[in-house]
J.: 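So that we are looking at the same thing, I have put the structure below in structure tokens.
Every chain is numbered from 1, with letters handed out A, B, ... down the list of sequences.
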2 protein chains.
Amino acid sequence: MEIQKRRESKSARTRRAILSSARRLFFERGYDGATVRQIAEAVPIDPSMIIRYFGSKEQLFADATVVDLRFQDFGPFPGDDIGRLLIEHFLDLWENEDGDLGLAILLRSSAHNEEARTKIREIFAQQVIPLISRIDPLDAERRAGMIVSQLFGLALCRYILELSPISAMPRDDIVQIFGPTIQHYAVGGTSTA
Amino acid sequence: MEIQKRRESKSARTRRAILSSARRLFFERGYDGATVRQIAEAVPIDPSMIIRYFGSKEQLFADATVVDLRFQDFGPFPGDDIGRLLIEHFLDLWENEDGDLGLAILLRSSAHNEEARTKIREIFAQQVIPLISRIDPLDAERRAGMIVSQLFGLALCRYILELSPISAMPRDDIVQIFGPTIQHYAVGGTSTA
DNA sequence: CTTAAAAGTCAACATGTGTTGACTTCACCT
DNA sequence: AGGTGAAGTCAACACATGTTGACTTTTAAG
């Protein structure tokens, strides 16, 4: 029993080490940019072990990008403060060092990786739309789409392009600027101010 | 004289053919995804000719992504209709078959290509900010940043991720939904509705 | 201590990349 | 018509990639 446990825990530890290294490098360089050799070197371990553990680079990527948006952390339903909550939650996904970076990796890889796109669509359908539906099920898909348009564009400018006014702005300013827009989209959002 | 002209026009024609093919493939697959061989095959021409004409793949990419946003087409200054105008103009950049696709290519390649990011920042500084400054020079950088956050996010969802509610929506709906937000950002945009 | 399996290393493979240089073909001016 | 330089082809290079199989080392039970 103990025997089995120890053996498992050894391999499980390197498995987690590989996953952690993979996530960091996929985050920094995307699917194509991060090579198996680089990931292995950062662990450090032989590149062939990565294949032994995960079967292929593609499978490693799939295992490294299991995304849970953790909307259940919102607890009792927010209601009219949803805009601020959503954007704070979204910023955490990128700025928390120990976050799993899953969504960030997918977004960075989405331009040239069909699997990343598919996963983002799944997350949208299975996690974002249900949340927005709780506010009002009418046209929830459209409103959810408007929200992620703004959030993804913000992430693109702030974290990927590093466009100076957006990337240099303190977090609180971002919340104050985009929170009301998200709120507006969340509750309907077809008319102007 | 004629001699020179004819010779130039021959090489100039294939040069343009290469550029056109390169733009299409860079647009579809990004910088890394589009190979010199693929671009050459689509012309069709030998891959080595591309190096002869442009020196390197990197230089070909640079030449293929000279972007002019053509804001001068706006003519007399729009003023309070700038939101609708901007988003229509932006949609044209992606949907016009004979547009140069420059910005679209840059955006698609930006995740893993520093040169693409640099060019986008230049376009932002040299073309977008000046336009927004014409409305009001106060905080023009910040307001321009907010606008491109929304526009780039829209492009990401509609054309790259193909996120179904946003990608399936008719063009006019997009204008009606996002136009007011852009307008709001353009004229100040810190307060809610 | 022995030993069998797990964990890890090493060198090589097949393939695809950008790029190069030697060669051939073509267009055009004298 | 013939020769000259441009335009284009061909095969190969050096290198990097994911992946594989043979091998060695470590681990822990008998």
J.: For A/Tyr53, report the nucleic acid contact type (base, sugar-phosphate, nothing); a contact means any heavy atom under 4.0 Å.
T.: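 Counting heavy atoms under 4.0 Å across all strands, the contact made by A/Tyr53 is with sugar-phosphate only.
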
J.: Could you identify which residues of residues 37-46 of chain A place a heavy atom less than 4.0 Å from some atom of DNA chain C, listed by residue number, or say none?
T.: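 Within residues 37-46 of chain A, the residues near DNA chain C are A/Arg37, A/Ile45, A/Asp46.
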
J.: Round to the nearest Å and state the distance from A/Met49 atom CE to D/dT26 atom C1'.
T.: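 Rounding to the nearest Å, CE of A/Met49 and C1' of D/dT26 are 12 Å apart.
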
J.: How long is the span from the CG atom in A/Leu103 to the NZ atom in A/Lys119, to the nearest 0.5 Å?
T.: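 Answer rounded to 0.5 Å: 11.5 Å.
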
J.: Does a donor on one side chain sit under 3.5 Å from an acceptor on the other, for A/Arg29 and A/Gln38?
T.: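 Short answer, yes.
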
J.: Give the rounded distance in Å between these two atoms: CZ of A/Arg15 and C1' of C/dG8.
T.: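 My rounded result for the distance is 17 Å.
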
J.: Could you state the interatomic distance from CD (A/Glu88) to CZ (A/Arg84), rounded to the nearest 0.5 Å?
T.: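 A/Glu88 CD to A/Arg84 CZ: 5.0 Å, rounded to 0.5 Å.
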
J.: Using atom CD of B/Gln59 as one end and atom P of C/dT19 as the other, report the distance to the nearest whole Å.
T.: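 One finds 11 Å between P of C/dT19 and CD of B/Gln59, rounded.
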
J.: Could I get the full list of ring-ring contact (aromatic ring centres under 6.0 Å, His included) partners for A/Phe61, not counting sequence neighbours?
T.: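 A/Phe61 satisfies ring-ring contact (aromatic ring centres under 6.0 Å, His included) with A/Phe26, A/Tyr31 once adjacent residues are dropped.
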
J.: Name the residue closer to the 5' end of DNA chain C, choosing between B/Arg52 and B/Lys57 according to the nucleotide with the nearest heavy atom.
T.: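 Counting from the 5' end, the first nearest nucleotide belongs to B/Lys57.
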
J.: Nearest whole angstrom, please: distance from the C1' of D/dA7 to the CZ of B/Arg13.
T.: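 Whole-Å distance recorded here is 12 Å.
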
J.: Salt bridge check: are B/Glu122 and B/Arg117 linked by an N-O gap of less than 4.0 Å?
T.: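 Salt bridge between B/Glu122 and B/Arg117, a charged N being under 4.0 Å from a carboxylate O: no.
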
J.: Using heavy atoms to find the nearest nucleotide of DNA chain D for B/Thr14 and A/Val36 separately, return the residue whose nucleotide is more 5′.
T.: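 By nearest-heavy-atom nucleotide position, the 5'-most residue is B/Thr14.
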
J.: For B/Gln59, does the CD atom sit with more than 12 other heavy atoms under 6.0 Å from it, leaving out its own atoms?
T.: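 Check passes, neighbour count above 12.
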
J.: Report yes if a side-chain nitrogen or oxygen of A/Ser11 is closer than 4.0 Å to either non-bridging phosphate oxygen (OP1 or OP2) of C/dA7; otherwise report no.
T.: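 It does, given that an N or O in the side chain of A/Ser11 lies less than 4.0 Å from OP1 or OP2 of C/dA7.
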
J.: Just by distance, with hydrogens left out, do A/Ser167 and A/Tyr159 show a side-chain donor and acceptor under 3.5 Å apart?
T.: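 On atom types as modelled, these side chains do not qualify, holding no pair under 3.5 Å.
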
J.: Out of D/dT19, C/dT19, D/dA7, which has the shortest distance to the side chain of B/Ser56?
T.: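 From the listed options, C/dT19 comes nearest.
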
J.: Between C/dT9, D/dG18, D/dT19, spot the one nearest the side chain of A/Ile51, thanks.
T.: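 Among C/dT9, D/dG18, D/dT19, the one nearest the side chain of A/Ile51 is D/dT19.
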
J.: Please report, rounded to the nearest Å, how far the P atom of D/dA16 is from the CZ atom of A/Arg29.
T.: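 From A/Arg29 CZ to D/dA16 P: 14 Å.
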
J.: Classify the side-chain pair B/Thr181/A/Tyr185 by whether it contains a donor and acceptor separated by less than 3.5 Å.
T.: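 Their side chains do contain a donor-acceptor pair, which is all the 3.5 Å distance test asks for.
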
J.: Listed in order of residue number, which residues of residues 105-118 of chain A have a non-hydrogen atom at under 4.0 Å from DNA chain C?
T.: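 Output list: empty, so none.
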
J.: Write down the distance between CD1 (B/Ile50) and P (C/dT20), rounded to a whole number of angstrom.
T.: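 Those two atoms, CD1 and P, are 14 Å apart.
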
J.: For A/Ala144 and A/Val128, which heavy atoms make the closest approach, and how far apart are they?
T.: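 In terms of heavy atoms, the two residues are closest at CB-CG1, 4.0 Å.
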
J.: Can you check the A/Asp32 CG to C/dG16 P distance for me, whole Å?
T.: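 Taking CG of A/Asp32 and P of C/dG16, I get 15 Å after rounding.
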
